[in-house]
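Notes for the one structure printed next.
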Amino acid sequence: MITFEVQTPDGQRRTIEVPEEINLSLMEVLRASAYEIEATCGGMALCATCYVEVLEGMERLADRTDVELDMLDTLPSSNARSRLACQIRVTPALENAVLQIGNGS
Amino acid sequence: MITTDICIIGAGPVGLFAVFEAGLLKMRCHLVDVLPQIGGQLTEIYPKKPIYDVPGYPKINAGELVENLAKQIDPFKPGFTLGEKVVSVSQVSGGGFVVTTNEETVISCKALVIAGGLGCFEPRKPEIGNLASFEGKGIMYFIKDPEVFRDKRLVITGGGDSALDWTIHLAGVARRLTLIHRNETFRGAPDSAEKVFELARAGKIDLLLSTQLTGVSGNGRLSSVSYIDSQKTVRSIDSDFLVPLFGLSPKLGPIGEWGLALDKNAIPVDTVDYSTNIPGIYAIGDINTYPGKLKLILSGFHEAALMAQSAFRFVYPDQKLSFKYTTVNGVNAF
């Protein structure tokens with residue numbers, strides 16, 4: 001199992017557990033876990049409605065690609081912890097990560 | 001006042017195709033969209049992306065699909081109100097609806113179709129407390145008439161293509177133009193970025209990189225903009241206008257206020273004809289929900305066809321509908 005924590009804007013944290021062979025993006029897993037994420041573009045890094053901030057564990061994730069950085073760059077605010085959930089594969093690298101959702105646009 | 005048979009809110013692919021299906025039944029349509037162009041998210045978000053699941057097209061770019069839909073509905077001469085947001089919908093006693101936009105355009109129709117996708121595209125706004133109090137009083141998120149900036153002081157913030165393009169376009173219009181960008185470089189089109197750097201070198205604009213907008217102030221109207229620069233110093237500049245350009249993001253918008261039942265930002269419909277809880281109002285495409293709903297363009301097209309058959313009775317209450325294939329009769333315009 002891959003276990004990570006998701007924090008909502010009200011500060012509440014919830015642990016999410018998914019099987020290692022799930023082969024989905026973090027955006028898909030968050031949506032399936034009933035978080036209100038629009039994901040308008042369906043995962044093309046084009047709308048930023050799946051914006052998350054990685055509070056813990058950023059260094060273990062694969063680097064942000066150009067496509068993702070291009071989109072993050074257009075937002076009113078983004079920082080070194082900013083990610084688009086659709087661009088993160090759910091793999092063991094996400095183990096123990098803490099993600100903040102709902103602060104995006 | 002614009003009078004039409006069917007008013008369609010949302011000019012995305014499904015709203016556009018609804019004109020075709022309505023047209024086959026001799027119903028005229030008027031489309032309203034908050035975006036200044038047709039195509040909805042296909043044009044706004046991914047015009048160059050290929051779509052693989054439109055029947056008959058192994059692969060088609062989103063922008064091209066919109067162009068084709070525009071051609072397909074052209075014989076039916078739909079009306080368009082673009083760049084305006086529908087703010088209110090009221091029922092007329094004796095049947096029909098009156099739709100009003102934020103710019104006071106009034107449309108009278110016999111049936112109303114909501115093809116609003118994920119809602120209204122609204123500008124992403126920087127998180128600055130009193131921003132809203134200067135909206136329309138110096139702060140704007142869309143540029144409709146560049147002439148309003150003539151000989152004025154203007155600050156643009158953002159680093160995407162639209163911030164670059166407008167900076168280039170308005171450099172010779174505004175008295176003084178300052179572009180504020182959070183990062184050191186631009187990731188937008190390299191040509192545009194180079195032009196912006198050239199304008200800055202030539203002293204035609206002020207370019208503030210690694211700089212973030214922090215505040216706005218004024219007495220009733222915007223008069224100054226403050227920012228934190230690359231040296232972490234807070235400074236301010238006098239400005240008549242501020243245009244934050246951080247792209248658009250979909251929000252449900254006023255649809256929630258029209259008396260329609262809602263389920264998690266979607267409108268529940270009857271799958272017999274995609275009608276809502278209000279007789280005469282239909283919802284098709286990504287905005288609706290029903291058991292088994294799939295947010296696919298092709299599902300929206302199907303919904304448009306069934307909607308038109310049902311809306312016919314509101315437009316022509318005294319006529320009997322007979323279904324005809326286009327292969328037999330062709331597409332007969334009005």
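First the proteins, then the strands, lettered A, B, ... as listed; each starts at 1. All values derive from a computational prediction rather than experimental measurement. Atom set for the values below is all heavy atoms of this structure, side chains included, hydrogens, waters and symmetry mates excluded.
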Quick one: pull up CG in B/D286 and CD in A/E38 and give me the separation to the nearest 0.5 Å.
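The CD atom of A/E38 is 11.5 Å from CG of B/D286, to the nearest 0.5 Å.
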What's the spacing between A/T40 OG1 and B/F121 CZ if we round to 0.5 Å?
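The distance works out to 6.5 Å.
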Between B/P126 and chain A, with a heavy-atom cut-off of 4.5 Å, which part of the residue counts as in contact: side chain, backbone, both or neither?
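Both parts, heavy atoms under 4.5 Å.
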Taking every non-hydrogen atom, the tightest pair across [X] and [Y]:
{"X": "A/C47", "Y": "B/I45", "result": "CB-CD1, 4.2 Å"}
{"X": "A/T49", "Y": "B/P250", "result": "CG2-CD, 4.0 Å"}
{"X": "B/Q212", "Y": "A/P76", "result": "NE2-O, 3.6 Å"}

Given 3.5 Å as the limit, does a donor-acceptor pair link the side chain of B/R187 with the main chain of A/D66, or not?
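It does hold such a pair.
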Residue by residue, scan residues 77-84 of chain A and write down, ordered by number, those that have a heavy-atom distance under 4.5 Å to chain B; if none do, write 'none'.
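From residues 77-84 of chain A, the residues near chain B are A/S77, A/S78.
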Going by residue number, which parts of residues 22-29 of chain A are within reach of chain B, meaning a heavy-atom gap below 4.5 Å?
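Checking residues 22-29 of chain A against chain B gives no residue, so none.
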Hey, does B/Q41 have a side-chain heavy atom less than 4.5 Å from the side chain of A/C41?
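Not touching, per the 4.5 Å side-chain cut-off.
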Do A/L46 and B/Y46 come close enough that some side-chain heavy atom pair is under 4.5 Å?
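The answer is yes; the side chains approach within 4.5 Å.
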Heavy-atom count check: over 12 atoms from other residues, nucleotides or ligands less than 6.0 Å from B/K293 NZ?
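For B/K293, atom NZ is crowded (more than 12 foreign heavy atoms under 6.0 Å).
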B/F142 atom CZ: more than 12 heavy-atom contacts under 6.0 Å:
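Yes, because the 6.0 Å sphere around CZ of B/F142 holds more than 12 heavy atoms from other groups.
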Test side chain to side chain donor-acceptor pair (under 3.5 Å) applied to A/D63 - qualifying residues, sequence neighbours left out:
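Residues passing side chain to side chain donor-acceptor pair (under 3.5 Å) with A/D63: none at all.
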Member of A/D73, A/L72, A/L69 meeting the side chain to side chain contact (heavy atoms under 4.5 Å, CB included) criterion with B/N183:
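The single option meeting the side chain to side chain contact (heavy atoms under 4.5 Å, CB included) with B/N183 is A/D73.
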Give every residue pair that meets the salt bridge (Lys or Arg N to Asp or Glu O under 4.0 Å) criterion with at least one member in residues 129-139 of chain B, sequence neighbours excluded.
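Listed once each, the pairs are B/K125-B/E135.
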